[in-house]
Amino acid sequence: MEVTQEPHVLDPVPWPVPYPAFAVDAAGGLARLNRAAWSLIGAEPGARLSEAVPAWLAEAHRSPAPAVPGGPVAHGLIGERFFEAHAIPDGGGGPAGPGGTVWWLFDVTENRRLGRELAAERERTAFLAEASGQLLASLNLERCMEVTVRLAARHLADAALVIAPRTGRAHPVAYCGPDGEVEHQELLVDTEEVPGLAEAMQGFPPVPSRWIDPAAAPDWIARRGLAEPGAMVVTALPGHGVPAGALVLLRRAGQEAFSDGEEMFARLFAARAGAAMSAARVYAEQASITETLMRELLPPRASELDGVELAARYRPSGDEERIGGDFYDLHPAAREDDAPDTGPESLVVLGDVCGKGLEAAVLTGKIRNTLRALLPLSGDHQRVLELLNGTLLSIESTRFVTLVLASVQRRGGQVRLRLTSAGHTLPLIVRAGGEVEAADTRGSLIGVLDEIDSVTAVVALEPGDTCLLYTDGITEAMGGPLGDEMFGEERLHAELGRCGGMPPEALVERVHMLASEWVGGGPHDDMAMVAITAPRRFHLSAVGGQGPGRFTA
């Protein structure tokens, strides 16, 4: 309200203050007002209050009790500014006289603006905190995309779409419409057909958000559930050194377009979403690589090899690990014409790389690949061990390996074994009747000396007999009643004496169970074992068919 001429009735005394103040007498007339009040409302003394001030203030004068003691009686607009009105009763010595009221007005327009901005900022901060929590809750890329579009559609726009970098021929896309339902798709789309989308997909260098004419948006962005879009903006999803994709926000026709503040806020949200998505993408790639490498390092399944019964158990030293320094491998027999001297033999290898953990597992993989390449020479164990020894000496590693080679040949109801130990624990022969023998083989460990030697033992297994190959993780398992005693070879021999005639699966399960119980919850080394058993075909019903050794081929 503009006042161009100062009236003669204006008397700034006794309120020479910058705040508007005016006195209303008991009859509801404007008694006096200061300069600030005159400049604000432009009324003169003697005017009726209901005609001089806005309706909210006139109404407050009729019942001036404040909602909060000492607080404002009312508040409202005067012109384009927002005021709080405080009333002071006039006891008779004031300018309004007995029964009158003095009103003070305080301009709180700026306070209200700052309050709204503070509330909005708190809301945005809470939203970003919620978004960060949900985005970082999972390292699954599809889950991160789902969280991103759902939060964006709920807080930033009416609908949102995330498009990730292409995998293969298609782009992973997640879309959330006004109904809150998220749809995942793999789309063969050309990002060049949407202005700004291809640049946003590159991630680096950062590009500002790009306003797009919704009418030019292809159908895979402007979907039917949104009716006719009124505003659309494309924002990059910056990742950790790799592009994470782009976020497209859409609003219905008739809605307000995105303000500068909303656009900036959307970019803050996109930064968090992009970081989470890139982390999830990198994690997925690393997990895929690890899984591929792990698949090559995991021990094979064992049940039967060229007509011979087999069973195996493997337990890494760490409960969270899947691989370690112990290993075993099974190689079926070559063709008969490839082994004219010995006849076709299968090869079973069980070894123990010095140390444990990932480094030992990597060396295990190299040894297994080397032995696989040496299979054509498996008829000569000494030659295989010499070549393996030379390979280990040629690589930069201080680790060595002990192992047992077992060439297996089925001969009617018997199984012939050629066993060669290279610094390893001796194979144990568990006869069907319960007798336990150590195979007479020995040799140098591999990867230490330039020259090695070995002695090969030939063992015949009758039906029901078992040859047990095992690593020192079994016999050196530390535990027992006081937790400081090794499981030991004597205890193993004694337990195996009760396992005569057992199927190989039951035998290795029992040994594994005993060693695990001995260790309890304490630390332990890798454990591996393989049982090779001559097949049993028929029970001897004439002797009851019960107990160890009651089988024949």
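No donor-acceptor pair under 3.5 Å is formed between the side chain of E146 and the backbone N or O of Y175. Checking side-chain atoms of W518 against main-chain N and O of E485 turns up a donor-acceptor pair under 3.5 Å. Not a single donor-acceptor pair under 3.5 Å links the side chain of S278 to the backbone N or O of A244. Side-chain atoms of R410 do not come within 3.5 Å of backbone N or O of V415 as any donor-acceptor pair. Between the S378 side chain and the L374 main chain, no donor and acceptor come within less than 3.5 Å of each other. Using a distance-only test at 3.5 Å, with no hydrogens or angles considered, no donor-acceptor pair links the side chain of R272 to the main chain of G274. Looking at R143, its side chain never comes within 3.5 Å of a backbone N or O of L139 through a donor-acceptor pair. Formation of a donor-acceptor pair under 3.5 Å by the E309 side chain with backbone atoms of A534 is not found in this model.
Under 4.0 Å is where a charged nitrogen must lie from a carboxylate oxygen, and between R223 and E183 at least one such pair does.
A distance of 9.0 Å separates OG of S421 from CG of L405, quoted to the nearest 0.5 Å. Put simply, CD1 on I532 and SG on C467 are 5.0 Å apart, with the number rounded to the nearest 0.5 Å. Atoms CZ and CG, from F269 and L237 in turn, are 8.5 Å apart once rounded to the nearest 0.5 Å. Between the CG atom of L388 and the NZ atom of K366 there is a distance of 12.5 Å, given to the nearest 0.5 Å. The structure places CG of L385 at 6.0 Å from CG of L403, a figure rounded to the nearest 0.5 Å. Between the CD atom of E509 and the NE2 atom of H512 there is a distance of 7.0 Å, given to the nearest 0.5 Å.
More than 12 heavy atoms of other residues, nucleotides or ligands sit less than 6.0 Å from atom CZ of R368. No more than 12 heavy atoms of other residues, nucleotides or ligands shown are found within 6.0 angstrom of CG on D219.
Residues A152 and L249 share a closest heavy-atom pair of CB-CD2, 3.8 Å. Here the closest heavy-atom approach between residue P243 and residue P165 is recorded as O-CG, 3.5 Å. Here the shortest heavy-atom pairing between A159 and A153 reads CA-CB, 4.1 Å. Contact between A531 and P504 at its shortest, heavy atoms only, is CB-CB, 3.9 Å. A312 and V508 make their closest contact through N-CG2, 4.3 Å (heavy atoms, listed as atom of the first residue, atom of the second, distance). In this structure, G325 and T364 approach most closely via the heavy-atom pair O-OG1, 3.4 Å.
Applying the side chain to side chain donor-acceptor pair (under 3.5 Å) rule to pairs touching residues 455-466 yields Q414-E462, T420-T456, R431-D465, T466-T533, sequence neighbours excluded.
T402 and D352 are not linked by any side-chain donor-acceptor pair at a separation below 3.5 angstrom, with hydrogens and angles left out of the test. Donor-acceptor pairing under 3.5 Å is recorded for the side chains of S407 and H381. Side-chain N/O atoms of R315 and S516 include a donor and acceptor closer than 3.5 Å.
No side-chain heavy atom of L417 sits under 4.5 Å from any side-chain heavy atom of V458. Side-chain contact between R510 and C499: present, with at least one pair of heavy atoms (C-beta onward) separated by less than 4.5 Å. Contact check for V455 versus D440: no side-chain heavy atoms found under the 4.5 Å cut-off. A heavy-atom distance below 4.5 Å is not found between the side chains of L247 and V234. In this structure, the side chains of V459 and L461 come closer than 4.5 Å at one or more pairs of heavy atoms. Considering only heavy atoms from C-beta on, V173 stays 4.5 Å or farther from H184 through its side chain. Residues R166 and T191 form no side-chain contact, since every pair of their non-hydrogen atoms from C-beta on lies 4.5 Å or further apart. A heavy-atom distance below 4.5 Å is found between the side chains of V194 and P218.
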Would you check, one step at a time, whether the test side-chain contact (heavy atoms from CB on, under 4.5 Å) holds for V408 with E345?
-> CA-CA 5 Å; V408 184; E345 293 178 315; over 6 Å; no
R150/E181 under salt bridge (Lys or Arg N to Asp or Glu O under 4.0 Å): CA gap, chis, key distance, verdict = CA-CA 8 Å; R150 179 172 286 124; E181 296 294 328; 5.9 Å; no
Does the side-chain contact (heavy atoms from CB on, under 4.5 Å) test come out yes or no for L347 and L375, once each step is laid out?
-> CA-CA 8 Å; L347 182 65; L375 279 179; 3.6 Å; yes
Going through the distances and angles, do Y314 and F327 end up as a ring pair (Phe, Tyr, Trp, His ring centres under 6.0 Å)?
-> CA-CA 8 Å; Y314 179 75; F327 67 95; 9.3 Å; no
Apply the test side-chain contact (heavy atoms from CB on, under 4.5 Å) to residues H424 and L350: give CA-CA distance (whole Å), side-chain angles for both, the deciding distance (0.1 Å), then the verdict.
-> CA-CA 9 Å; H424 200 78; L350 181 136; 3.3 Å; yes
Verify side-chain contact (heavy atoms from CB on, under 4.5 Å) between L188 and R169, making sure each step is shown before the conclusion.
-> CA-CA 7 Å; L188 297 172; R169 297 178 57 197; 3.8 Å; yes
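Among I163, L187, T167, V162, the one residue that satisfies the side-chain contact (heavy atoms from CB on, under 4.5 Å) test with P172 is T167. Here the options are V530, V436, L507, I429, the test is side-chain contact (heavy atoms from CB on, under 4.5 Å), and the partner is L468; only L507 passes.
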Show which side-chain atoms of residues 469-476 pair as donor or acceptor with protein atoms under 3.5 Å away, not counting sequence neighbours.
unit_1 : atom_1 : unit_2 : atom_2 : d
T471   : OG1    : D326   : OD2    : 2.8
T471   : OG1    : A528   : N      : 3.1
T471   : OG1    : A528   : O      : 3.4

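For Y328, there are no ring-ring contact (aromatic ring centres under 6.0 Å, His included) partners at least two apart in sequence or on another chain.
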